[in-house]
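Atom set for the values below is all heavy atoms of this structure, side chains included, hydrogens, waters and symmetry mates excluded. Here, residue 1 is the first one in the sequence, and each next residue gets the next number.
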Amino acid sequence: MEQLKIDLHNTVTALSSSLDLVGIDEVKHGKRVAIMAKNVALELGWNKADCLTLLHAGMLHDCGVSRAQEHRNLSETLEWDGAEAHCIRGEAYLRACPPLAHLATDIRYHHTRWELLQDAPLDQSTRLRTNLIYLADRADMLQLPFIGTEQILLECPAIVDYARKQAGRMFAPELVKAFAHAASEEAFWLSMDPEYLDEDLAEFGSHQAQVMLNLNDVRALALLFSRIVDAKSHYTEEHSERVAKIARYLAERLGKTGTELDLIEIAGLLHDIGKLRVDEAIIEKPGKLTAREYACIRRHSYDSYRILRRVFGQTPIPIWAGYHHENLLGLGYPFKRVPKEIDLEARIVSVADIFQALAQNRSYRGRMAQDEIIKHMKERVEQGTLDEQVVSVVIDQADACYRLATE
């Protein structure tokens, strides 16, 4: 089976960056949690493998969060009653992704108090790792108002004091002790500055070897990304997976084979990753969007392009996914590409995206019937915005495409 060389550390970092978009008001939470937890682990003398696992679990600990309101609840309350739901979702997402499945258990319990972890079916090293993520996560919530300012040096003793008061209850006593010692250095807190944070992660990543993944594992990574995006709203449930299936189906009938089909499918899975920045209130708005809300929607394909360049920069995936709102009149977004600059594969993803969206209930309209969709697609061809060759395959295979879009 065809393989791709993937920088797994860079992939985790890119996924963490996409999760940052959910916060809207603040970013890099996952990266700060990861760096803090790793620094405490080094204080404890943990081995390199455990430190790497901890770093990656820290960056992805909130992969079960795609809705802005849930993010706000987690960031505004030190112990929110609904916190466990995103832990369970995150565990399920990661278990279904073989390259990252080893992080699933750490994610599942990262909001479980230490006193309750004693009854969980875990070995001691896993208990400590997941609880250290919890400790770093809550410490980050307390430091958030002061990041990037010297004020953090005045506030950090109170954060350490909070952790000490929770030793044996929320957090393992040995973790609290190591945290307090590591946090006694000003550098521990000043390294949370966004610029320094990215430098440290890049430097750490420079020592990690790339791995060869078969295309099934790469597809599983893409599916992980897409499930997080599609969970933002019940209106977008399974949208990316269905777009990917339609795109692959169309591409095969247009003569694409082998690896090309896999890459088109992956582009379909990932085309909307930038929508994590869009507040679900906009996605679920039943009426007409304001100019500002529409501007928020219009930037998502560019965000998809930039995020995907970090992981799949040696493939055409970022372009095929990022161009899904370009059109053949040169009036699309975000690049205003003209026809000669838009690959057939990007045109396929665009048609698949439109077809599936029309076949799905949305906040502002109901699901369209198959014949209505075909009529709409023909009109788009006549207007000159969609590729006639691709749409002709949709027309010929309308029943199959509609099944892929809805079943």
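- The distance from the CG atom of Leu276 to the OG atom of Ser18 is 5.5 Å, given to the nearest 0.5 Å.
- Ion pairing between a basic and an acidic side chain is recognised when a charged N comes within 4.0 Å of a carboxylate O; Asp279 and Lys232 show no such pairing.
- Residues Leu55 and His9 are in side-chain contact: their nearest non-hydrogen atoms beyond the backbone lie under 4.5 Å apart.
- Taking the six-membered ring for Trp and the full ring otherwise, the centers of Tyr302 and Phe335 sit less than 6.0 Å from each other.
- Here the OG1 atom belonging to Thr53 is positioned 7.5 Å from the CG atom belonging to Asp106, to the nearest 0.5 angstrom.
- More than 12 non-hydrogen atoms from other residues, nucleotides or ligands lie less than 6.0 angstrom from CZ of Arg365.
- A salt bridge does not link Glu238 to Arg227: none of the charged side-chain nitrogens sits closer than 4.0 Å to a carboxylate oxygen.
- At a cut-off of 3.5 Å, with distance as the only test, a side-chain donor of Gln151 or Glu155 sits close to an acceptor on the other residue.
- One side chain, Asp123 or Thr126, offers a donor N or O that lies under 3.5 Å from an acceptor on the other.
- Between Phe171 and Tyr162, the ring-plane angle classifies as perpendicular under the 30° and 60° cut-offs.
- A side-chain donor from one of Arg310 and Ser17 sits under 3.5 Å from a side-chain acceptor of the other.
- By the 4.0 Å N-to-carboxylate-O rule, Lys375 lies too far from Asp371 to be salt-bridged with it.
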Report task. List the steps, then state whether side chain to side chain donor-acceptor pair (under 3.5 Å) holds for Gln360 with Arg362. Result -> CA-CA 6 Å; Gln360 193 170 35; Arg362 292 298 167 97; 2.9 Å; yes

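- Ring geometry for His86 against His111 counts as perpendicular: the plane angle is over 60°, on a 0 to 90° scale with 30° as the lower cut.
- Salt bridge Arg169/Glu115: absent, no basic N to carboxylate O contact under 4.0 Å.
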Query - Trace of the side chain to side chain donor-acceptor pair (under 3.5 Å) decision for Ser240 with Asp272 - result: CA-CA 7 Å; Ser240 299; Asp272 268 349; 4.8 Å; no

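- Cation-pi check for Arg253 over Tyr249 is met; the charged atom lies under 6.0 angstrom from the ring centroid and within 45 degrees of its normal.
- Atom CZ of Arg219 sits about 10.0 Å away from atom CG of Asp217, to the nearest 0.5 Å.
- No donor-acceptor distance shorter than 3.5 angstrom exists from the side chain of Lys245 to the backbone of Glu241, with no hydrogens or angles considered.
- The distance from atom CG of Leu117 to atom CD of Gln124, rounded to the nearest 0.5 Å, is 9.5 Å.
- Between Glu84 and Arg108 a salt bridge is recorded (basic side-chain N to carboxylate O distance below 4.0 Å).
- Taking the six-membered ring wherever Trp is involved, the centroid distance between the rings of His61 and His56 does not fall below 6.0 Å.
- Between the side chains of Asn131 and His110, not a single donor N or O lies within less than 3.5 Å of an accepting N or O.
- Ring centroid separation for the pair His271 and His239 comes in under the 6.0 Å cut-off.
- For the 3.5 Å distance criterion, the side chains of Arg95 and Thr105 qualify, holding a donor opposite an acceptor.
- Crowding of His102 atom NE2: a count of heavy atoms from other residues, nucleotides or ligands under 6.0 Å exceeding 12.
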